[in-house]
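For reference, the structure is listed below as C-alpha cells.
Just follow the structure's listing: the first ligand is 1, and inside any ligand the first atom is 1.
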Amino acid sequence: MIDYRSDTVTRPTEGMRAAMMAAPVGDDVFQDDPTVNALEAKAAVMFGMEAALFAPSGTMTNQIAIKVHTNPGDEVVCDKLSHIYNYEGGGIASNSGCSVRLLDGDKGRFTHQMVLDSILPDDSHFPVTRLVSVENTSNKGGGVIWDDAEIELISRTCKKHGLGFHMDGARLFNALVETKQRTEYIGSMFDSISICLSKGLGCPVGSLLLGSKDFIRQAHRVRKVFGGGMRQVGILAGAGIYALDHHIDRLKEDHINARQLALALSEAEWVKHVVPVETNIIVVELADGENQQARLDELRAAGVLAMGFGPGKLRFVTHLDVTEAMIDQTISVINAMK
Ligand SMILES: *Cc1c(COP(=O)(O)O)cnc(C)c1O
C-alpha cells in the first residue's frame, strides 16, 4: 500500500531508531531526562525563544498554549479552517472554557485588519478577546504557506492590543523550507509556537511548545494536569533531535513529489480542481456527480490510500515514506482510472 492518508504514517528510519536506542534517559516529570532537556534547549535556541516543552501530541501543545494564554470566558480568534477549532475535540471550550471568534480567511489565512475588526470593546456584555492563533502551513487550506509580512503585522496588532499570539506550527518546517525564512525571525513574532515532530519530520511521537521561561513554567503545570507528564521519554526525544538534524531539508523532496502527483490528478477526468500545491498536501475536488467513497475504494484496490476531506474532496499527503518510485506507480494508477 502507498499511504497518502497523512504524514503521520511514517515509521522511524534505521538512523532514527539507532538514535532512540542510544539516548540517555531520566525522569522527565522531574526534568531529569538529559535527552528531553537537550531537545527542548535545541528547539528553543533554534527559534530564539527562551524555553521549550516536549509533549505527546500537537493537540496537547496547542491546548496547553490556549490554557496558559487565557482565562475561562475569554475569546480565541482563529480561522474557520483551523485545526484548534475543527480537529481538537472542542478542547478550546472543554479545557479552557473559551469561546471562539472564527475568521473567514483565504485557505486558512487571515489579515491583520480582520484581527483588528475581531477585537471586542471593553464592555461587560462581551467576552474578553485574548488570543490570536495562526496555523502555518494551513492543513485544511491545502498546505498553504502564510505571508510572513502579514504575520508580522498581526504580531504588531496583538502586541498593541495586549493579545497573546500563538502559532500552530504542526507543519511549520514545510513552510520554512520553501520560504527559507530564518527561524529566529519567526520566533521573534510569537508568544508561543507548537511544532509537531510526528508529521513530516518522521518521529513516532511528540510535539514541542516554545515560549518564554515564564510561559513554559506554566505550561509544565498544565501538561501535568492534562496527563501529559511522561517519564523516561528521552527515547522519544532522541528521535526528535535526530529529526531536527536530518529530516528538515528533505521536506523539499515531499513537496516536489506532491507537485508531480497534483499534476497527474489535475489531468484526471474525475477531478474538477486541485488546490495549487505549495507544500506536501494535495486537496482534490471531485468532478460533479462523483462518488467520494467509490473513488477512495478504487484507489485502495489499486494499492493507494487517500483520505476523504469533507464532501466531494480527497486529501493526499506526501512524506518520508513515499519514494519517487511510489509517485510514479501512483501516477500510473491515476492515469488508468476512468
Ligand atoms: C496534526 C496537527 C496537529 C496536532 O496533531 P496531533 O495528532 O495531536 O499531534 C495540530 N495542528 C495541525 C494543523 C495538524 O495538522
Side-chain angles (χ1 to χ4, degrees), residues 3-12 39 43 52-67 76 78-92 94-96 100 102-103 105 107-110 131-146 151 166-176 186 190 192-210 219 222-223 226-228 230 233 236-237 239-240 243 247 251 254-255 258 275 278-283 307-310 313 315-320:
D3 197 343
Y4 297 103
R5 289 172 302 168
S6 176
D7 43 9
T8 56
V9 301
T10 56
R11 294 179 178 88
L39 171 64
L53 187 72
F54 183 60
S57 72
T59 298
M60 190 180 284
T61 43
N62 280 333
Q63 292 296 321
I64 290 171
I66 293 164
K67 181 85 177 157
V76 177
C78 61
D79 189 87
K80 65 182 188 302
L81 300 184
S82 60
H83 193 281
I84 60 167
Y85 175 72
N86 288 289
Y87 297 128
E88 298 187 6
I92 299 175
S94 64
N95 294 321
S96 298
V100 178
L102 292 179
L103 301 182
K107 295 180 193 165
R109 300 161 299 185
F110 46 82
L131 175 68
V132 176
S133 178
V134 300
E135 182 179 313
N136 198 15
T137 63
S138 166
N139 171 28
K140 221 170 154 60
V144 296
I145 301 170
W146 278 72
I151 290 183
H166 174 71
M167 179 191 281
D168 176 355
R171 296 187 179 83
L172 176 56
F173 285 112
N174 292 89
L176 294 182
I186 301 295
F190 288 91
S192 55
I193 299 177
S194 162
I195 291 167
C196 285
L197 299 166
S198 60
K199 300 261 164 93
L201 295 182
C203 292
V205 181
S207 286
L208 287 160
L209 183 60
L210 314 179
V222 176
R223 184 185 69 177
F226 286 177
M230 303 183 289
V233 279
L236 299 176
H247 289 172
L251 291 170
D254 298 343
H255 301 174
V275 177
E278 294 189 13
T279 55
N280 68 328
I281 298 177
I282 306 152
V283 176
M307 218 172 68
F309 208 49
K313 287 183 183 163
R315 187 186 78 166
F316 296 75
V317 186
T318 56
H319 52 75
L320 185 59

Is Lys199 close to ligand 1, meaning an N/O of one under 3.5 Å from an N/O of the other?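 Checking ligand 1 against Lys199, an N or O pair does fall under 3.5 Å apart.
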Geometry only, no angles: is Ser207 polar-contacting ligand 1 at N/O separations under 3.5 Å? no
Examine the proximity of ligand 1 to [X] and report which part, side chain or backbone, both or neither, has a heavy atom under 4.0 Å away.
X      : result
Asp168 : side chain
Asn62  : side chain
Ala170 : side chain
Met60  : neither

Ionic contact status for Asp79 with Lys140, cut-off 4.0 Å: no
Angle class for the Trp146/Phe110 ring planes (parallel below 30°, perpendicular above 60°, tilted otherwise)? perpendicular
Atom 6 (P) of ligand 1 within contact range, any protein heavy atom under 4.0 Å: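 Protein heavy atoms within 4.0 Å of atom 6 (P) of ligand 1 - there is at least one.
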Just by modelled atom types, is the Met230 backbone N or O under 3.5 Å from a matching donor or acceptor in the Arg223 side chain? no
Glu135 side chain to Ser82 backbone, donor-acceptor under 3.5 Å: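 The answer is no, because no donor-acceptor pair under 3.5 Å joins these two groups.
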Protein heavy-atom partner closest to [atom] - residue, atom, separation in Å:
atom                    : answer
atom 9 (O) of ligand 1  : Gly58 N, 2.8 Å
atom 8 (O) of ligand 1  : Thr59 OG1, 2.6 Å
atom 13 (C) of ligand 1 : Glu135 OE2, 3.1 Å

Distance-only side-chain donor-acceptor flag, Asn62 / His166, under 3.5 Å: yes
Answer with yes or no whether the side chains of Asn280 and His319 bring together a donor and an acceptor at under 3.5 Å. no
Would you check if Arg171 and Leu251 make a side-chain contact, meaning some heavy-atom pair closer than 4.5 Å?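 A side-chain contact under 4.5 Å is absent here.
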Does the side chain of Ile66 reach to within under 4.5 Å of the side chain of Asn95, using non-hydrogen atoms? no
At a 4.0 Å threshold, what atoms of ligand 1 neighbour a non-hydrogen atom of [X]?
X      : answer
Ser57  : 8 (O), 9 (O)
Glu88  : 10 (C)
Arg171 : 15 (O)

Restricting to side chain to side chain contact (heavy atoms under 4.5 Å, CB included), what partner residues turn up for Ser94, sequence neighbours left out? none
Would you check whether Lys140 reaches within less than 4.0 Å of ligand 1, judged by its heavy atoms? no
